[in-house]
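Within every chain, numbering begins at 1; the chains are lettered A, B, ... in the order of the sequence lines, protein sequences first and strands thereafter.
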Amino acid sequence: METLATQGSVRIIWEDQSMFIRKSAAVRSSEITPQEVFLERRRLIMAAAAVGISAAIPKGGAVAAALQAVESRYSTDEAPTALKHITNYNNYYEFGVGKEDPAANAHTLTTKPWTLAVDGLAARPTDFHVEDLLSSVALEERIYRLRCVEGWSMVIPWVGFPLSEVLGRVEPLGSARYVAFETVLRPDEMPGQRAFLPALEWPYVEGLRLDEAMHPLTILAVGLYGETLPNQNGAPIRLVVPWKYGFKSIKSIVKITLTEEQPVTSWNRQNPREYGFYSNVNPEVDHPRWSQATEMPIGKGLFAKRKPTLLFNGYADEVAGLYAGMDLRKFF
Amino acid sequence: MLRMAALISEKPRISAAVRFRVIRATLYWIGLGPAVWTFFLGLTDQLGANPMRTLEQTLGLWALRFLIATLAVTPFRDLTGISLLRYRRALGLLAFYYALLHFTTYIVLDQGLNLSAIAADIVKRPYITIGMLAFAVLVPLAATSNDTMVRRMGRAWSRLHRWVYLAAAAAAVHFLLVVKSWTMEPVVYFAIVAILLGYRLYKRLRGSRGNRRRKPVPTR
Ligand code: HEM
């Protein structure tokens, strides 16, 4: 039996009903809730600039808590993708390679307490407790486009804060040129990490150049649609780099290291021909196996139309300068 | 229905033919069930976040499954003595129908009839090229899957239909190349196809070495 508590009303869906009924019931209830809550929330934001949200219990996850966040000028005004799609269509191979596997399996991850170690070439390496961190930063809502390397896209209302905030606190040394990230390694809680045929070498690792990491668009996200992150979306804390393909935005981070050398990244290690270190969204540079010129927007139904993919996922005005003079075909 | 039942009980010789037809018709209807059902789910917004992709993948997967079922008929007979040869054509045609629907989904819903993008894909993307090869091979096989052609073509028919091995191998490789990293499912399907094709090779080798004098063992 699974329960969906939504704004006081509890809906119980029996396990023994047919898949069809169960699915449609679950879909309906979650469809109404996040959208209505969100729209209501946006109305309140207009009036008050900052507002909290009532708690809801997402399917199969820990209790989501409301987050206080202020609007950001970096948000797009495109309509966000429905919460049910953002939370049920995930690439998080630690919980399985199917798009719906993370939603089904990620509840086993314990996200409290959580320590984020920031070390390496820094004057003050620090272990941050995520709860403490949250009370010491100003959370913002960043509605970003997300473009997956597989050719689909969403619009996601993240809640987070600039990565530069954390990096600034540890005081990077002059020799630091890159930032390496690492996802938690917990085979006991992550079935994909104990799979017979591991999809990737664990733990998942990612990296950015220091200037990319310090860019104001680069955030650490802790929430989604005004509430704490569901596990399948990378709880409790994840990276979001909106002008790069989604896999760069590493989830459930336990370690951030300032380095001098360009760090190893998971997909690049897995297949260097197909996945580069930069992985900037670029319609001109195809993936060897498919075109990147267009993208399928998620949540638009069976007859959804592809739309053109934009250079740097539409964030060229903000980030093109980072790559001035670079051959983007070579540094893909 | 009642009349049919009466026929079956009264005339046993006709009943075998009737039973065959009924079973075959049922096979087609059940076989096309997943296509109809998935399309219905897609129309009613129950295929999740990316319904086009789910439909496309489901149809491709069923095409491969029916190809495998087609190839399994002979080994199944050799192993169990139960012959489903009479239904093999239906299984093969179902594989073709699914491949056709899969291909149509790709052209219409995935690529939105963008012909230049489709042409570029077929030329440039190995997994699409190989999928196309599998499909192209199935077309003449489907077109000749009727009694008239079997009669008219004689031995050429058997030779032509041996191309199904190539279609199956290409489809299995196509699946392997689709996914981002090595995962269980395409590997399992590839292994099944490899076993079914390897079985033919094994029978043929054994037939040509040990029993050169004897009639060649039928390989299909
Ligand atoms: C006999 C012919 C074919 C068979 C048996 C076949 C089978 C498959 C299978 C099993 C999959 C993977 C499904 C999954 O991921 O679960 C697939 C995916 C796909 N096939 Fe085919 N296929 C065939 C022909 C074609 C052709 C002719 C095209 C296009 C020209 C094509 C395009 C695709 C595409 C676009 C995908 C999905 C890729 C993705 O998931 O990103 N296939 N096919």
Side-chain angles (χ1 to χ4, degrees), chain A residues 19-24 26-28 31 81-82 84-91 93 96-101 103 148-154 192 195-201 247 266-267 270-271 274-275 286-291 293-294 296-307, chain B residues 34 37-59 61 104-114 116-131 173-188 190-191:
Chain A
M19 271 260 284
F20 168 51
I21 292 172
R22 207 175 129 213
K23 256 195 182 161
S24 65
V27 163
R28 297 273 148 66
E31 188 172 56
T81 306
K84 66 172 180 185
H85 295 322
I86 298 175
T87 55
N88 285 290
Y89 196 74
N90 306 103
N91 280 323
Y93 282 13
V97 295
K99 291 283 183 292
E100 300 189 357
D101 291 349
C148 178
V149 72
E150 295 168 346
W152 51 264
S153 63
M154 296 184 180
F196 170 63
L197 263 180
L200 289 167
E201 203 176 303
F247 67 85
S266 283
W267 280 101
Q270 160 93 359
N271 196 336
E274 297 190 349
Y275 308 100
D286 284 348
H287 185 281
R289 285 184 288 152
W290 55 84
S291 162
T294 59
M296 184 59 88
I298 293 299
K300 299 270 159 77
L302 188 59
F303 302 105
K305 275 210 160 40
R306 285 180 174 272
K307 58 181 192 186
Chain B
W37 179 239
T38 311
F39 193 67
F40 168 77
L41 291 181
L43 286 180
T44 52
D45 193 22
Q46 297 177 77
L47 277 191
N50 196 346
M52 175 285 296
R53 184 69 84 213
T54 307
L55 176 70
E56 185 177 64
Q57 291 176 340
T58 306
L59 295 170
L61 208 50
T104 309
T105 303
Y106 165 78
I107 291 190
V108 180
L109 298 182
D110 190 344
Q111 297 300 321
L113 292 169
N114 181 344
S116 63
I118 295 167
D121 256 7
I122 293 177
V123 179
K124 286 208 287 197
R125 322 282 165 209
Y127 88 93
I128 297 280
T129 315
I130 292 175
V173 172
H174 167 70
F175 193 2
L176 273 183
L177 293 180
V178 164
V179 292
K180 262 202 315 196
S181 70
W182 292 92
T183 57
M184 217 47 195
E185 210 189 7
V187 174
V188 168
F190 184 86

Please identify each residue that fulfils side-chain hydrogen bond (donor to acceptor under 3.5 Å, both in side chains) with A/S153, with sequence neighbours left out. A/E295
Working to the nearest 0.5 angstrom, can you tell me the gap between A/K305 NZ and B/L113 CG? 8.5 Å
Check for a donor-acceptor pair, side chain of A/R306 on one end and backbone N or O of B/D110 on the other, with a separation under 3.5 Å. yes
For A/Y93, check side-chain hydrogen bond (donor to acceptor under 3.5 Å, both in side chains) against everything at least two apart and list the hits. none
Using modelled atom types and a 3.5 Å cut-off, is there a donor and acceptor pairing between side-chain atoms of A/R289 and backbone atoms of B/Y127? no
Select, from A/P297, A/A293, A/A195, A/S291, the one with the greatest count of heavy-atom pairs under 4.5 Å involving chain B. A/S291
Given heavy-atom pairs under 4.5 angstrom as the criterion, report whether the side chain, backbone, both or neither of A/N271 touches chain B. neither
If you round to the nearest 0.5 Å, how far is CG of A/L302 from CD of B/Q46? 12.0 Å
Please flag which part of B/V178 lies under 4.5 Å from any non-hydrogen atom of chain A: side chain, backbone, both or neither. backbone
As an exercise, state the distance from CG of A/N88 to CG of B/N50, rounded to the nearest 0.5 Å. 13.5 Å
Pairwise side-chain contact, A/K99 with B/T54, heavy-atom cut-off 4.5 Å (strictly under): no
On a heavy-atom basis, which atom in B/P51 and which in A/G301 lie closest, and how many Å separate them? CG-C, 3.3 Å
Any chance you could lay out the side chain to side chain contact (heavy atoms under 4.5 Å, CB included) test for A/D286 and B/K124, step after step, and finish with the verdict? CA-CA 10 Å; A/D286 284 348; B/K124 286 208 287 197; 3.6 Å; yes
Below 4.5 Å from any heavy atom of chain B, which atoms of A/A199 appear? Answer side chain, backbone, both or neither. both
Taking all non-hydrogen atoms of both residues, which atom of A/P288 and which atom of B/P126 are closest, and how far apart? O-CD, 4.5 Å
Close side-chain approach of B/R53 and A/M296, heavy atoms under 4.5 Å: no
Side chain, backbone, both or neither: which part of B/L109 has a non-hydrogen atom closer than 4.5 Å to chain A? both
Scored by heavy-atom pairs under 4.5 Å with chain B, the best of A/W290, A/F303, A/W152 is A/W290
Non-hydrogen atoms of chain A under 4.5 Å away: do they reach the side chain of B/L43, the backbone, both or neither? both
Would you indicate whether A/K307, at its atom NZ, is surrounded by more than 12 heavy atoms from other residues, nucleotides or ligands within a distance under 6.0 Å? yes
Using a 4.5 angstrom heavy-atom cutoff, name the option from A/N91, A/I86, A/I298 with the most pairs to chain B. A/I298
